[in-house]
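For reference, the structure discussed in these notes is given below.
All values below were derived from every heavy atom in this structure, side-chain atoms included, with hydrogens, water molecules and symmetry-related copies excluded.
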Amino acid sequence: MEYNTQRKKMELPEYGRSVQNMVDHALTIEDREERQRCANTIVNIMGGMFPHLRDVPDFKRKLWDHLAIMSDFQLDIDYPFEIVKKEDLVVKPERLEYSTDAFRYRHYGRFLEGMVKKAVEIEDEEEKKELIKLLAIQMKKDLNNWNKEGVEDQKIVDDLREYSNGAIDLKVEDLRLGEPRTFNNQRRQNNNQRKQNNQKKKQQH
């Protein structure tokens with residue numbers, strides 16, 4: 001099992017691991033326009049987590065500042081505001097308060113449930129598709145952390161439908177997440193490789 005202490009440190013943990021993973025994914029997108037759309041979607045998700053703060057002055061600018069911070073200022077996009085500079089971060093950004101309401105599945109977490117609701121509300125079809133795909137990828141990773149025997153893509157489709165009360169009604173082929181056991185197969189390959197390397201080291205000594 002992978003523990004949080006073994007994972008990459010989050011600069012702004014109040015957004016949760018799912019949002020941080022989305023930011024990390026955005027950094028891997030080579031096409032600038034697609035990367036920009038992804039960044040816009042992530043900021044909308046972040047804002048949707050704190051609807052009670054929408055009337056706070058400069059709330060939108062703070063969200064873009066936080067996106068830059070979570071990407072370690074490596075995300076090459078067109079920011080709609082002049083963001084904070086890395087060298088000016090003497091203290092940690094002000095934390096955002098968040099709700100402690102109950103959530104449906106522990107393996108997905110409360111934030112992901114809110115993100116699915118946000119996806120349903122998005123009117124731009126391209127942005128909606130981008131967000132749903134990001135959510136599906138994250139859901140599969142979360143499930144694989146809980147279920148070491150592998151996860152069928154149909155489970156992701158069913159959970160998206162349940163979370164959205166039927167508004168997100170997809171087929172497995174619409175998501176194309178890859179083979180159900182891809183994540184676990186890669187984990188096993190990495191473990192086997194480590195064992196082989198350790199055996200070689202012992203033989204050399």
Side-chain angles (χ1 to χ4, degrees), residues 2 10 12-26 28-29 31 33-55 59-60 63 66-67 70 96-186:
E2 186 180 18
M10 294 189 295
L12 298 175
E14 54 265 44
Y15 287 108
R17 180 68 59 180
S18 296
V19 173
Q20 181 63 59
N21 287 343
M22 289 182 183
V23 176
D24 294 341
H25 171 73
T28 67
I29 299 176
D31 182 79
E33 290 185 5
E34 183 181 351
R35 189 167 63 245
Q36 184 72 51
R37 285 197 301 270
C38 184
N40 292 341
T41 300
I42 293 172
V43 167
N44 285 336
I45 292 170
M46 292 161 61
M49 293 179 180
F50 309 100
H52 56 292
L53 297 178
R54 286 176 180 169
D55 295 330
F59 176 57
K60 200 72 173 179
L63 292 176
H66 291 179
L67 176 65
M70 285 191 288
L96 294 175
E97 297 179 4
Y98 55 91
S99 169
T100 56
D101 295 339
F103 49 94
R104 203 170 309 184
Y105 297 123
R106 290 186 62 82
H107 48 266
Y108 291 141
R110 178 177 58 251
F111 287 151
L112 192 137
E113 185 171 354
M115 291 177 201
V116 174
K117 293 179 182 178
K118 179 67 178 178
V120 173
E121 297 172 358
I122 294 176
E123 296 181 359
D124 185 278
E125 288 301 319
E126 287 300 318
E127 185 178 352
K128 177 178 288 190
K129 288 179 181 178
E130 180 74 23
L131 174 54
I132 291 174
K133 186 169 184 179
L134 286 172
L135 291 174
I137 291 172
Q138 182 59 42
M139 289 167 73
K140 187 158 187 176
K141 288 180 179 178
D142 290 342
L143 274 178
N144 271 277
N145 285 335
W146 278 67
N147 183 2
K148 303 303 181 183
E149 297 304 315
V151 176
E152 298 292 336
D153 290 348
Q154 185 61 48
K155 170 65 174 170
I156 308 300
V157 171
D158 293 342
D159 287 349
L160 276 171
R161 186 181 298 111
E162 180 184 350
Y163 265 137
S164 65
N165 295 321
I168 301 177
D169 189 11
L170 303 175
K171 297 179 180 178
V172 171
E173 51 267 29
D174 294 332
L175 291 177
R176 297 179 181 178
L177 296 178
E179 292 300 320
R181 299 179 183 274
T182 297
F183 297 110
N184 286 321
N185 287 341
Q186 184 62 51

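Other residues, nucleotides and ligands place more than 12 heavy atoms under 6.0 Å from the NZ atom of K128.
For the atom pair CG of N44 and CG of L131, the computed distance is 9.0 Å after rounding to the nearest 0.5 Å. In this structure, CG in D159 is found 5.0 Å from CE in M139, a value given to the nearest 0.5 Å. Atoms OH and CE, from Y15 and M46 in turn, are 4.0 Å apart once rounded to the nearest 0.5 Å. Rounded to the nearest 0.5 angstrom, E33 CD and D31 CG are separated by 6.0 Å. For the atom pair CG (L160) and NZ (K155), the distance works out to 11.0 Å, reported to the nearest 0.5 Å. Taking CG from N40 and CG from L67, the interatomic distance works out to 9.5 Å, rounded to the nearest 0.5 Å.
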Candidate pair L134 and M115, rule side chain to side chain contact (heavy atoms under 4.5 Å, CB included), full reasoning: CA-CA 10 Å; L134 286 172; M115 291 177 201; over 6 Å; no

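In this structure A26 satisfies the side chain to side chain contact (heavy atoms under 4.5 Å, CB included) test together with C38, I42, L75, sequence neighbours excluded. The side-chain hydrogen bond (donor to acceptor under 3.5 Å, both in side chains) check on D158 picks up Q154, R161, with sequence neighbours excluded.
Between the side chain of Q20 and the main chain of M70, a donor-acceptor pair closer than 3.5 Å is present.
Just one residue in the list M22, E130, K140 forms a side-chain contact (heavy atoms from CB on, under 4.5 Å) with L135, and that residue is M22.
Contact check for V43 versus K60: side-chain heavy atoms found under the 4.5 Å cut-off. Residues N21 and D24 are in side-chain contact: their nearest non-hydrogen atoms beyond the backbone lie under 4.5 Å apart. Side-chain atoms of V120 and N165, non-hydrogen and from C-beta on, never get closer than 4.5 Å to each other.
Minimum heavy-atom separation, V116 to Y163: CG1-CB, 3.7 Å.
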